[in-house]
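One structure is given below, encoded as structure tokens.
Side-chain atoms are counted along with the backbone in the values below, which use heavy atoms only and exclude waters and symmetry mates. Computed from a predicted model, the values in this text were never measured in an experiment.
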Amino acid sequence: MQNTNEAIGMTGTAKGIRKKVRHGTSVLFTSGIKNILWGVMLPVIVLAIWQTIGAMNIVSATILPTPLMIGKAFIELVISGELFSHLQISVFRAALGFLLGAGLGLLLGTLVGFFSRAEQTLDPTLQMLRTIPHLAVMPLFILWFGFGELSKVLLIAKGAFFPVYLNTFLGIRGVDAKLFEVARILEFNKIKLVTTLILPAAMPNILLGIRLSLGIAWLGLVVAELMDSSEGVGYMIMDARQFTQTDIVFVGIIIFALVGKATDSLVRYLESKLLKWRENYKGEGAM
């Protein structure tokens, strides 16, 4: 009799757990749908107003083509294969420049963060280089490296370097000194100190640097593709501008925006996985 009651109790508990899981999944799904709807609301309103202005001929289509005209140009570029050809080149340049710049930024940011002597030696020079605009160094890059891919990749890498460098440095230096005291009491060795204390504490800053670096890599890509380029989305935009094809210019701008948003969302997803331990203020649900 007792075993029967225990079995009934366990069955009820299992049903309760399944019910809670289903309810939690339903809540998450509903919350995700609401977030998407809130996110697309503003773009939909802007597109509706934009299309109305174009349909009423308030603004010339040469200056401001309607969303439908831009969509038509996008489809034509996709069908011809021209868009994917340019996009492939741009993504390759941006990815290579980002990996080079962000990798060096992470390395030097870690070095400067850990060693005060490295900070005194490297940081003043790097801070001066950080303030030099892309357009100012572009002529030098052309003189030194020519018009090939190397100058474009290095220009992108220059922009991608500094956000990761600065945030890595600040993340390491921002670790609470009391944690080092705890590590000393627990007799952590150097490797354990870095892997279990410093890097997890600095990770939010490092990921923020990566997010900023990705955005600046895309900005640097546009400048890089102005350097006598014959391929890439930036070149497609400049070529369309010369022939007053404003709809294609908008297609290029939208492509930059969408790819930039996709890369940013990828880093945010990594943040949600790597920083599960962190509990932050999420904002109020209603305004």
Side-chain angles (χ1 to χ4, degrees), residues 20-79 82-84 86-87 90-91 94-95 98 159-160 163 167 204-205 207-222 233-234 236-237 240-241 245-276 278-287:
K20 287 181 179 179
V21 169
R22 284 197 298 268
H23 176 70
T25 304
S26 175
V27 169
L28 287 173
F29 179 76
T30 305
S31 176
I33 294 296
K34 287 182 178 179
N35 289 337
I36 292 172
L37 290 175
W38 276 105
V40 301
M41 183 183 299
L42 181 60
V44 168
I45 293 172
V46 171
L47 288 174
I49 296 172
W50 184 353
Q51 182 64 37
T52 302
I53 291 173
M56 296 172 65
N57 292 321
I58 297 174
V59 181
S60 170
T62 304
I63 298 174
L64 186 67
T66 65
L68 289 178
M69 294 173 65
I70 296 169
K72 182 181 177 182
F74 173 79
I75 293 171
E76 290 174 353
L77 288 170
V78 170
I79 292 173
E82 183 180 351
L83 180 61
F84 291 119
H86 288 305
L87 182 59
S90 291
V91 169
F98 167 76
N167 282 278
N205 285 77
L207 291 174
L208 173 61
I210 290 173
R211 285 183 68 183
L212 295 173
S213 180
L214 281 168
I216 294 177
W218 278 107
L219 294 176
L221 175 67
V222 178
V233 178
M236 183 183 76
I237 291 173
R241 180 188 64 82
Q245 297 173 318
T246 317
D247 49 354
I248 296 179
V249 173
F250 271 100
V251 170
I253 293 171
I254 292 169
I255 290 298
F256 275 128
L258 291 176
V259 176
K261 172 58 180 171
T263 54
D264 184 73
S265 297
L266 175 61
V267 179
R268 292 191 66 178
Y269 175 76
L270 291 176
E271 283 182 346
S272 67
K273 294 298 181 183
L274 295 174
L275 304 178
K276 286 182 178 179
R278 191 176 62 166
E279 294 184 2
N280 285 340
Y281 176 63
K282 303 296 184 181
E284 298 293 339
M287 291 186 292

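Distance check: Leu212 CG to Leu208 CG gives 4.5 Å after rounding to the nearest 0.5 Å. Separation of atoms CG (Leu47) and CG (Leu42) is listed at 9.5 Å; rounding is to 0.5 Å. Separating the CD1 atom in Ile237 from the CD1 atom in Ile255 is a distance of 9.5 Å, to the nearest 0.5 Å. One distance of note links CD1 of Ile70 with CD1 of Ile253; it measures 8.5 Å at 0.5 Å rounding. Here OG1 of Thr66 is found 11.5 Å from CD1 of Ile53. Values are rounded to the nearest 0.5 Å.
Residues Ile248 and Met236 have side chains in contact (heavy-atom distance under 4.5 Å, counting atoms from C-beta outward). Residues Val222 and Val233 fail the side-chain proximity criterion, which asks for heavy atoms closer than 4.5 Å. Side-chain contact between Leu77 and Phe84 is absent, with no heavy atoms from C-beta onward closer than 4.5 Å. The side-chain heavy atoms of Phe98 and Ile210, taken from C-beta on, include a pair separated by under 4.5 Å.
Panel note: side chain Ser213, backbone Pro163; no donor-acceptor pair is recorded below 3.5 Å. Side-chain N or O atoms of Trp50 include one that pairs as donor or acceptor with a backbone N or O of Pro65 at under 3.5 Å. Judged purely by atom type and a 3.5 angstrom limit, Thr246 has no side-chain atom pairing as donor or acceptor with the backbone of Ile63.
Taking all atoms of both residues into account, the shortest heavy-atom contact from Ala94 to Ala217 is O-CB, 4.5 Å. Heavy atoms only, all atoms of each residue included: Ile216 and Gly159 are closest at CG2-O, 3.3 Å. Here the shortest heavy-atom pairing between Leu68 and Gln51 reads N-OE1, 3.4 Å.
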Subject >> Test log, rule side chain to side chain contact (heavy atoms under 4.5 Å, CB included), inputs Asp247 and Phe74 >> reply: CA-CA 8 Å; Asp247 49 354; Phe74 173 79; over 6 Å; no

**OP:** Test side chain to side chain contact (heavy atoms under 4.5 Å, CB included) on Phe256 and Leu87 and set out the steps.
**Re:** CA-CA 9 Å; Phe256 275 128; Leu87 182 59; over 6 Å; no

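Looking at residues two or more places apart in sequence or on another chain, you find no side chain to side chain contact (heavy atoms under 4.5 Å, CB included) involving Leu266.
Residues in residues 255-266 take part in these salt bridge (charged side-chain N to carboxylate O under 4.0 Å, His left out) pairs, two or more places apart or across chains: Arg211-Asp264.
With a 6.0 Å radius and a threshold of 12 heavy atoms from other residues, nucleotides or ligands, Met41 has its CE atom above the threshold.
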